[in-house]
Amino acid sequence: MSTTERARTDRFGLPLSGELATAPDASTGSSNEGGDVSLSALYVPDPEVHGREDLADRLHRVGALDAEQLTTVRRLEKQTPGRRAADILIGMGVAEAVVQEHAAAIAGLAFRRIEGAIDSELLARLGREYCRRHGVLPLGREGGRLVVGTVSPDEVFILDEVKRRFGAELLRHVLITSADLQVALESASGDADEPDISRILADVAEDDVEVQREEEVSDDIERQAESSPVVRYVNHIIQSAVREGASDIHVEPDERQLRVRFRIDGVLFDAMTPPRRMHAALTSRIKIMANLDIAERRMPQDGRIRATVGGRQLDIRVSTVPTPQGEKTVMRLLDNRSIQVQLEELGFASETLSAWNEQINQPHGIILVTGPTGSGKTTTLYSSIRKMDIRRMNVSTVEDPVEYHLSGITQIQTHEKIGMTFARALKALLRQDPDVVMVGEIRDLETGVTAIQAALTGHLVLSTLHTNDAAGAVTRLINIGVEPFLVGAALNAVLAQRLVRRTCSHCREKFTPGPEFRAVLEKHGVDPDSLLAGKGCDHCRQTGYSGRVGIFELLAINDRLRDRIAGNPSLSEFRRACLDEGMKTLRTDGFEKVAKGQTTIEEVFRVTESGD
């Protein structure tokens with residue numbers, strides 16, 4: 001082989017880069033079409049290629065990836081070193097064909113989709129399992145050369161092995177998708193991997209394999225879960241979540257990938273993509289930490305982890321549920337520091353805060369906090385209790401579960417399986433000479449009636465309901481069976497709340513809203529030309545938001561509203577009556593925070609209804 005030929009191939013005889021072309025003869029400069037096949041199989045290097053372009057940058061440049069997705073890719077690359085960029089992009093939902101097409105262009109390879117059946121004889125030479133394990137597939141022969149497709153462009157040693165098995169000096173390397181590879185293997189003729197059964201069985205006895213019981217399989221998974229890499233990876237997940245300020249960790253298996261997501265400021269973000277094969281070991285490790293049954297994978301389980309991360313004491317609530325792809329695990333991070341905030345720091349407007357302080361200082365009655373899960377109801381109640389003089393008062397709580405432990409008060413955990421319900425625990429507390437009782441949630445008629453009786457007999461009762469607004473709490477109590485006149489007599493106030501993301505103070509700048517928002521802003525008395533929004537920076541993960549602030553709707557029950565409640569009004573009628581009495585809605589409070597630059601109009605629209 002001439003010097004020119006050697007310069008265009010590597011030590012494996014593979015082309016370096018460029019498109020397949022007919023090479024000129026070294027001595028004559030003419031095409032050698034009928035001569036040595038090695039000359040006609042050379043690649044002509046692309047002079048414009050001086051190094052590989054970054055795949056994510058290329059996809060962003062062609063419009064297949066937006067700026068936020070590009071930022072997520074960079075974060076995932078740092079979180080999961082060694083993970084291929086293509087795998088991260090596919091895991092984020094970018095079409096595999098698009099990813100592979102551009103990866104092929106960067107590597108100087110051709111990209112090919114597999115259509116129709118492949119040569120079963122060629123497949124049999126490699127074996128179906130070998131192709132599946134190594135992501136390689138023989139596609140056929142072209143011009144005397146073997147064409148081989150791989151999922152990764154950097155499979156030099158695999159290609160060398162394929163050359164050895166086929167006895168081929170040169171081959172053509174193309175890039176394919178893993179989906180096409182899987183379909184091709186599944187649709188290939190059944191005898192492609194058909195072994196000689198009689199030869200295999202000749203040396204096999206019936207007692208050579210002992211069937212393991214399910215418990216023994218679980219023991220093996222437990223040993224994997226206790227292995228050092230798995231332990232370190234679970235610790236890495238938790239530490240990263242704490243460092244990022246996440247409230248929840250989602251470990252979600254899919255058919256072909258495993259995804260870890262963090263909920264930060266109420267929104268889920270992709271955090272890392274561990275190898276799919278680690279799913280069982282990671283889940284078992286988390287179960288071991290939470291004292292759950294690792295052998296039970298068909299039923300939901302709940303547990304709790306007490307941990308110290310970076311010097312901070314954390315309670316981690318663990319929940320697992322079975323899915324067709326495996327168990328999904330969600331961990332909620334409960335940090336006692338999150339409830340050390342004062343009421344003044346939650347985002348109350350001054351007049352709303354004054355009215356709320358007046359309500360929690362009442363000697364008796366019911367005060368309700370409403371909103372969906374994760375809207376900050378527990379934090380508001382705990383902050384309210386901290387405002388009370390617990391040294392002179394007997395304050396007790398009934399919760400499911402006890403999320404945060406507070407010193408100086410009595411906290412009771414409900415246990416439905418043994419009959420320790422909210423109603424039963426509340427009845428027991430009423431014999432403990434309480435001044436203030438907090439009930440985690442009013443879920444049924446018995447709990448509602450018991451709470452009202454406690455309020456009417458001289459106790460202050462704090463509780464929560466899952467309703468969309470303050471007025472809905474009244475109709476909810478009536479709908480579960482509490483008499484309207486009892487609701488009107490015992491209820492003092494209802495506070496509905498939501499959490500919106502706070503505008504990042506590091507990258508906040510003047511913002512001009514679109515025409516579709518201007519009319520709404522002007523309707524709520526907000527100057528559209530004086531708004532602020534975050535443009536995105538490293539402090540806020542390029543989102544423009546950092547932290548959260550509450551928006552509130554406080555309904556104080558007066559005598560006129562008590563009369564309305566006794567008449568069992570519909571929700572729309574009662575809501576109109578509340579507005580007539582001067583109640584400020586969630587959306588109105590949200591727009592006031594938009595005017596102050598604390599949040600954005602998009603956030604207010606995200607968490608409130610159009611009728612607010």
Side-chain angles (χ1 to χ4, degrees), residues 17 52-118 123 126 128-140 147-156 158-159 162 172-188 251-261 268-279 323-326:
S17 64
R52 288 196 176 183
E53 180 184 4
D54 183 82
L55 179 58
D57 284 339
R58 181 185 179 97
L59 291 175
H60 177 57
R61 177 168 54 82
V62 300
L65 207 66
D66 60 32
E68 184 175 350
Q69 289 175 312
L70 181 62
T71 301
T72 301
V73 172
R74 298 300 179 226
R75 186 174 70 251
L76 292 177
E77 286 176 337
K78 293 179 181 178
Q79 294 281 0
T80 54
R83 190 77 166 165
R84 289 198 320 134
D87 292 336
I88 294 174
L89 289 163
I90 294 169
M92 290 175 55
V94 182
E96 184 182 11
V98 175
V99 173
Q100 294 294 79
E101 180 180 2
H102 288 278
I106 291 173
L109 301 174
F111 172 66
R112 181 173 295 189
R113 300 305 303 266
I114 302 175
E115 299 179 355
I118 61 173
L123 178 60
L126 286 182
R128 197 192 310 263
E129 185 56 36
Y130 179 89
C131 293
R132 179 179 291 109
R133 184 168 64 251
H134 295 290
V136 62
L137 192 67
L139 301 178
V147 181
V148 178
T150 64
V151 174
S152 172
D154 303 317
E155 296 292 3
V156 175
I158 296 299
L159 292 173
V162 172
R172 185 177 186 190
H173 180 200
V174 300
L175 210 60
I176 60 177
T177 67
S178 60
D180 284 353
L181 170 69
Q182 187 67 26
V183 171
L185 292 177
E186 291 176 355
S187 61
V251 182
E252 303 170 330
D254 206 344
E255 187 173 346
R256 294 169 46 205
Q257 66 171 347
L258 180 62
R259 180 172 60 171
V260 177
R261 295 197 291 171
L268 283 170
F269 293 92
D270 287 331
M272 53 191 77
T273 54
R276 181 64 172 83
R277 63 181 180 274
M278 291 185 67
H279 172 244
T323 74
Q325 288 77 34

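When every heavy atom of Ala97 is checked against every heavy atom of Phe111, the shortest pair comes out as O-CZ, 3.8 Å. Across all their heavy atoms, Leu181 and Gly135 have their closest contact at CD2-CA, 3.6 Å. Closest heavy-atom contact between Leu123 and Cys131: CD1-SG, 3.7 Å. Nearest heavy atoms, Arg83 versus Thr273: NE-O, 3.3 Å. The two residues Ile158 and His134 have their closest heavy-atom pair at CD1-ND1, 3.5 Å. Nearest approach of Arg256 to Ser178, heavy atoms of both residues: NH2-OG, 2.6 Å.
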Enumerate donor-acceptor pairs with a distance under 3.5 Å from any side-chain N or O in residues 85-94 to protein atoms, sequence neighbours excluded.
residue, atom, partner, partner atom, Å
Asp87, OD1, Arg84, NH2, 3.1
Asp87, OD2, Arg84, NE, 3.4

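When side chains are defined from C-beta on, Val62 counts as touching His102, because their heavy atoms get closer than 4.5 Å. In this structure, Arg172 and Val147 have side chains that are in contact, with non-hydrogen atoms separated by less than 4.5 Å.
In this view, Arg75 satisfies the salt bridge (charged side-chain N to carboxylate O under 4.0 Å, His left out) rule with no residue, not counting sequence neighbours.
Between His60 and the choices Asp66, Leu55, Val73, Leu70, the side chain to side chain contact (heavy atoms under 4.5 Å, CB included) rule is met once, by Leu70.
Rounding to the nearest 0.5 Å gives a distance of 12.0 Å between CG of Leu137 and OH of Tyr130.
For the pair Gln100 (side chain) and Val151 (backbone), a donor-acceptor distance under 3.5 Å is present. A distance-only check finds a donor-acceptor pair linking the side chain of Thr323 to the backbone of Gly326 [under 3.5 Å].
Surrounding CD of Gln182 are more than 12 heavy atoms belonging to other residues, nucleotides or ligands, all under 6.0 Å away.
We find that Asp54 and Arg74 are joined by a salt bridge, their nearest charged nitrogen and carboxylate oxygen being less than 4.0 Å apart. Between Glu53 and Arg61 a salt bridge is recorded (basic side-chain N to carboxylate O distance below 4.0 Å). Salt-bridge check for Glu252 with Arg261: passed, with a basic side-chain N closer than 4.0 Å to an acidic carboxylate O.
Screening residues 103-113 for side chain to side chain donor-acceptor pair (under 3.5 Å) gives Arg112-Glu142, Arg113-Asp180 as the qualifying pairs, with residues at least two apart or on separate chains.
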